[in-house]
Amino acid sequence: MTALHRLVVALVAAFILAPIVVVVAVSLTDSPIPEFPPRGLTLRWYAHALSEDVFTTSALNSLWLATAATALATPLALAAAYGLVRGRFRGRDAIQTLLLAPLVVPSLVIGLAILLAFSGMGVRDVGARLVGAHVLITFPYMVRTILASLARLDPAVEEAARTLGASALRCFVLVTLPLVRPGVVAGMLFAFIVSFDNVSLSLFLTNARTNTLPIAILNYVEYNFDPSVAAISTMLVAFSLGAALLVERLVGLRRVVGG
Amino acid sequence: MATVELRDLAKSFGTAAAVDRVSLHVPSGAFVTLLGPSGCGKTTTLRAIAGLVEPDSGAILLGGEDVTRAPIHRRDIGMVFQSHALFPHMTVAANVGFGLRMRGIGGADRDARVREALALVRLEAFGDRFPAQLSGGQQQRVALARALVIRPRVLLLDEPFGALDRKLREAMQQELRELTRRLGATAIFVTHDQEEAMILSDSVAVMNAGRIEQVDDPAGVFERPRTRFVADFMGMGNVLAVEAGATGSMRHGGIELRADADAAAPPRHVAIRAERVALRPATGAPPEPNAAEGTLLDAVYHGSLTTGRVRLDAAPSTTMLAREASATQDAAGWRVGARVRLSWTASAVRMLED
């Protein structure tokens with residue numbers, strides 16, 4: 001690596017990381033308003049954030065929602081990806097494009113569409129609405145990562161299992177699934193983070209009593225302006241980073257992202 | 001092991017016929033090769049036997065039992081793929097034991113049979129390794145052990161040595177030949193390599209455009225091709241268009257050819273293997289059957305053999321090939337541009353069907 005090369009990499013990294021650094025720094029400030037550079041050093045905003053009911057209940061909601069959405073989207077995405085890779089039928093490319101559409105369509109549009117659809121169908125329960133919507137937006141991420149894993153799997157490996165006496169189901173469980181596990185685990189992680197961080201869909205579907213964490217943060221900053229928002233944001237970043245590191249340890253993020 | 005019988009097997013992909021009414025009988029314990037260029041239907045035929053491709057019509061019988069519509073996993077076949085297709089997440093022993101596990105065979109019985117199968121391919125010490133830790137040849141031997149350990153009714157091999165280098169391929173061919181002979185295994189082998197087909201097989205089925213053109217023992221397809229395609233594919237060297245001549249002879253341009261067999265109908269083509277054409281200095285003697293004079297265009301040395309290309313005086317648009325051992329005095333003395341005389345025996349002239 002040349003010196004110039006290294007400089008460019010450092011600048012890009014700084015550009016990407018700067019906002020996070022600022023948020024982390026602000027969360028530690030000892031002043032009653034967000035200030036950068038921070039004045040003094042304290043953890044009291046963390047304590048404050050964790051003592052606020054709006055944050056803790058909504059955080060639990062978000063955890064529950066992300067878990068449910070991921071759990072439901074996983075088998076659906078596995079089935080869809082498997083069909084797309086191994087199946088031979090008309091309109092396969094069109095379906096593949098359609099499945100990835102939620103990545104392209106602005107999520108505000110999707111949120112509005114889902115709100116209208118659920119109202120039309122008479123789905124009133126906020127939890128059901130949120131889970132349904134989050135399955136929809138996490139699904140394409142999972143399909144993508146699983147597709148990438150499946151595409152690297154030699155079909156002859158599955159055929160060998162079948163000729164050796166494995167039924168289609170046993171072949172899938174004993175051979176296919178273990179071999180695409182990195183893609184599935186990565187897809188689940190992406191799905192979890194996408195759901196956990198989502199604002200634009202949840203905005204349409206939550207109400208005053210049932211909230212997700214990102215919406216709670218958004219509401220909080222409308223009326224309050226103290227560094228506890230920075231504290232809760234820092235915890236969010238740490239949480240996502242921890243999850244990514246976990247995947248890196250379990251399956252290797254490089255393999256997942258397609259190195 | 002069992003017999004394999006194909007009856008009028010047919011399979012199309014879209015409008016293209018991949019397999020076109022193929023019938024074949026493989027006796028128990030025989031080693032049969034499906035030989036042909038890519039796209040000739042040999043792999044589709046093999047995959048149909050395995051159940052990986054569903055035929056449009058026709059029947060497949062294993063040991064007399066109709067398995068045409070039987071699911072893949074109930075056919076009791078052992079298959080070896082070109083890409084070896086080992087399970088990368090399982091050890092060598094688990095790979096070999098997979099088929100036994102699927103059959104509910106466990107414990108000491110399974111371990112003993114896995115050890116026995118690994119011993120067959122001389123990999124006893126490798127049971128705890130993973131496939132990625134083995135060389136290409138070792139991986140293919142594991143695949144072979146995995147297919148054999150279930151004592152299949154038939155062993156199917158789809159160009160299993162295609163990815164190996166020449167030396168290793170020859171060693172594996174030798175090993176496979178010995179192994180199948182020793183076990184009395186019925187085997188169907190797919191390849192596009194005619195040399196490989198001849199080394200391994202009791203009988204060779206040459207395929208073209210979805211059909212079997214000829215089934216014969218290796219010497220049969222090599223020396224006595226029945227059709228133009230087989231003659232060409234088996235590298236006869238000389239395939240000449242002929243017209244009926246006087247009293248049972250045939251003519252190619254100004255050259256008279258005689259065969260020692262009678263054809264039902266006058267053939268339109270004959271084949272003469274290049275190795276059976278003698279190339280000598282021209283004598284200027286008057287024309288006679290099964291001989292022609294011409295000019296040596298070039299001599300291509302390919303190791304143990306040298307091939308001469310000759311333009312014939314009596315058929316100037318034709319070049320004939322003559323091939324001799326490079327070590328002989330004659331081939332060593334071939335001079336490009338020289339006047340030469342080609343001659344061959346009547347037994348070398350093969351009359352072909354179209």
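Fair warning: this is a prediction, and the values are worked out from it, not measured in the lab. Each chain gets a letter, A, B and so on, in the order its sequence line appears, and its residues count up from 1.
Annotation: B/D165, atom CG; neighbour count of heavy atoms from other residues, nucleotides and ligands within 6.0 Å is above 12. No more than 12 heavy atoms of other residues, nucleotides or ligands lie within 6.0 Å of CZ in A/F15, so this atom counts as exposed by the packing criterion.
A 4.5 Å side-chain heavy-atom check between B/F87 and A/L179 finds every atom pair outside the cut-off.
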- request: Check the pair B/I150 / A/L164 against side chain to side chain contact (heavy atoms under 4.5 Å, CB included), numbers first and verdict last.
  value: CA-CA 8 Å; B/I150 59 171; A/L164 288 167; 4.2 Å; yes

message: Does B/F98 form a side chain to side chain contact (heavy atoms under 4.5 Å, CB included) with A/V175? I'd like the steps, not just the answer.
response: CA-CA 10 Å; B/F98 188 83; A/V175 175; 4.1 Å; yes

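For a residue to count as touching a neighbouring chain, one of its non-hydrogen atoms must lie under 4.5 Å from one of that chain's; by this rule B/I72 touches chain A with backbone and side chain alike. The part of B/L86 that comes within reach of chain A is its backbone (N, CA, C, O), which places non-hydrogen atoms under 4.5 angstrom from that chain.
Listed by chain and number, the residues in a side chain to side chain donor-acceptor pair (under 3.5 Å) with B/D66 are B/T68 (sequence neighbours excluded).
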Cross-chain donor-acceptor list, chain B x chain A, under 3.5 angstrom:
unit_1: B/R47; atom_1: NH1; unit_2: A/E159; atom_2: OE1; d: 3.0
unit_1: B/R47; atom_1: NH2; unit_2: A/E159; atom_2: OE2; d: 2.7
unit_1: B/H73; atom_1: ND1; unit_2: A/R162; atom_2: NH2; d: 3.0
unit_1: B/S83; atom_1: OG; unit_2: A/D154; atom_2: OD2; d: 2.7
unit_1: B/H89; atom_1: NE2; unit_2: A/L174; atom_2: O; d: 2.9
unit_1: B/R103; atom_1: NH1; unit_2: A/L164; atom_2: O; d: 2.6

